Protein chains: 2
Amino acid sequence: MNTDPNPDPFEPESKERLRLWLRLLKTTRLVEAELRERLRLEFATTLPRFDVMAALHRHPKGLKMSELSRFLMVSNGNVTGIVDRLAEDGFALREQVPGDRRAARARLTQKGKEEFIRQAEAHEAWLDAMLAEIGPDIASDLSTALARISDKFED
Amino acid sequence: MNTDPNPDPFEPESKERLRLWLRLLKTTRLVEAELRERLRLEFATTLPRFDVMAALHRHPKGLKMSELSRFLMVSNGNVTGIVDRLAEDGFALREQVPGDRRAARARLTQKGKEEFIRQAEAHEAWLDAMLAEIGPDIASDLSTALARISDKFED
DNA sequence: AGGAAGTATTTCAAGTATAAAATTTTAAGC
DNA sequence: GCTTAAAATTTTATACTTGAAATACTTCCT
């Protein structure tokens with residue numbers, strides 16, 4: 001489906017890759033901005049809070065702070081503050097890990113779980129609308145191509 | 001090239017789109033994190049500073065603060081601080097716009113321009129290596145598909 | 001001219017983000 | 001058992017980010 005396979009044979013491939021990167025960045029930021037605004041308006045929350053809640057929802061037994069940090073690819077000190085604020089609102093809590101007094105496991109409260117489910121349903125519907133241009137087969141191809149990039153970072 | 005066109009005919013398309021989004025986010029964050037670290041180690045700078053310098057480099061006559069803000073899709077108040085810090089380091093400066101005493105145009109200094117060129121060359125080489133898995137034709141297809149998403153946000 | 005509405009920018013408060021240092025606890029080697 | 005290394009988390013300092021309010025100037029309408 002590539003309609004213009006080689007517009008300028010003298011242009012290096014690196015320029016084409018740079019263009020791809022800029023497009024990737026722009027698309028991601030547009031979608032992110034839209035999600036952030038809707039989360040703010042409809043649920044009075046933020047994207048980082050949503051991300052943390054999503055991670056905790058996928059792990060009902062809870063996650064250690066360091067696991068959360070790795071999973072979300074954000075710094076260690078960062079999750080401390082986000083979980084603090086979620087705890088203040090009664091959406092999450094910390095539990096001591098038995099047998100290791102260094103570690104604490106964060107998990108959702110019942111209230112947090114219910115709230116997250118509401119948010120996640122809206123989130124999925126918003127995304128579905130935003131990516132409506134992309135049919136399921138193209139979505140799958142795109143995912144595969146993107147996976148090829150991110151797989152290079154495994155180490 | 002879609003090797004698995006319909007893994008579960010009962011799964012809604014929205015799940016496939018959600019997966020695509022998560023993959024998009026993960027890939028972008030991985031590449032961004034790598035670029036940020038390299039900019040820090042090799043040039044003692046940050047991604048937002050690089051982005052501002054790139055925008056100013058593309059517009060040698062300078063950009064108004066509000067134009068910079070729109071171009072980079074970041075908030076108005078945000079660019080103020082970044083340009084402030086670039087100015088402290090002698091990489092950028094503000095000029096009054098003649099005929100409109102509200103507006104100021106930011107542009108690169110000669111020192112800033114030279115520094116940016118060094119950084120941009122390294123940046124392009126890093127990206128080329130990170131996206132090496134993606135050939136130019138696939139890069140072009142990918143860009144087209146992503147453009148279909150971001151074009152929906154024009155208004 | 002004079003005022004309302006709009007535009008450009010900065011300031012502000014709160015939250016997010018990083019890297020690095022500090023703290024506390026656990027595990028390993030000898 | 002004692003020391004040292006490793007691990008988990010928090011704290012610190014600095015920068016980035018947003019949305020909203022404040023400030024200053026411009027334009028438009030009458």
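Not measured: the values here are computed from a predicted model. In what follows, every chain begins at residue 1, and chains take the letters A, B, ... in the order their sequences are listed.
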Treating A/Glu67 as the side-chain partner and A/Lys64 as the backbone partner, does any N or O pair qualify as donor plus acceptor under 3.5 Å? yes

Both B/Thr46 and A/Arg105 contact DNA chain D. Which one's nearest nucleotide lies toward the 5' end? A/Arg105

Are the charged groups of A/Arg85 and A/Glu88 less than 4.0 angstrom apart, N to O? no

Spacing between B/Asn76 atom CG and D/dA21 atom P, to the nearest angstrom: 15 Å

Determine the contact category for B/Leu47: base if any of its heavy atoms lies under 4.0 Å from a base atom, sugar-phosphate if only primed atoms, P, OP1 or OP2 are that close, otherwise nothing. nothing

I need the CG-P distance between A/Asn78 and D/dA13, as an integer number of Å. 18 Å

For A/Glu124 and B/Lys15: C-alpha separation, side-chain torsions, deciding distance, then whether salt bridge (charged side-chain N to carboxylate O under 4.0 Å, His left out) applies. CA-CA 8 Å; A/Glu124 187 171 330; B/Lys15 292 289 180 200; 3.1 Å; yes

Along DNA chain C, first and last positions that approach a heavy atom of chain A under 4.0 Å: C/dG15 to C/dT26

Can you check the B/Arg102 CZ to D/dC25 P distance for me, whole Å? 10 Å

Do any pairs count as a ring-ring contact (aromatic ring centres under 6.0 Å, His included) and have a residue in residues 65-84 of chain B, sequence neighbours left out, and if so which ones? B/His59-B/Phe71

Between A/Phe116 and A/Phe91, does the ring centroid distance fall short of 6.0 Å? no

Ranking D/dT11, D/dT17, D/dT26 by distance to the side chain of B/Asp100, first place goes to D/dT26

Nearest-nucleotide comparison on DNA chain C, the residue closer to the 5′ end among B/Leu63 and B/Arg29: B/Leu63

Can you tell me which nucleotide in D/dT26, D/dT11, D/dT17 comes closest to the side chain of B/Arg101? D/dT26

Whether A/Ser69 side chain and A/Val74 backbone form a donor-acceptor pair below 3.5 Å: yes

Where each residue is assigned the nucleotide of DNA chain D containing its nearest heavy atom, which of A/Val79 and A/Glu37 is assigned the position nearer the 5′ end? A/Val79

Using the closest heavy atom to pick a nucleotide of DNA chain C for each, name whichever of B/Ser66 or B/Arg40 lands nearer the 5' end. B/Ser66

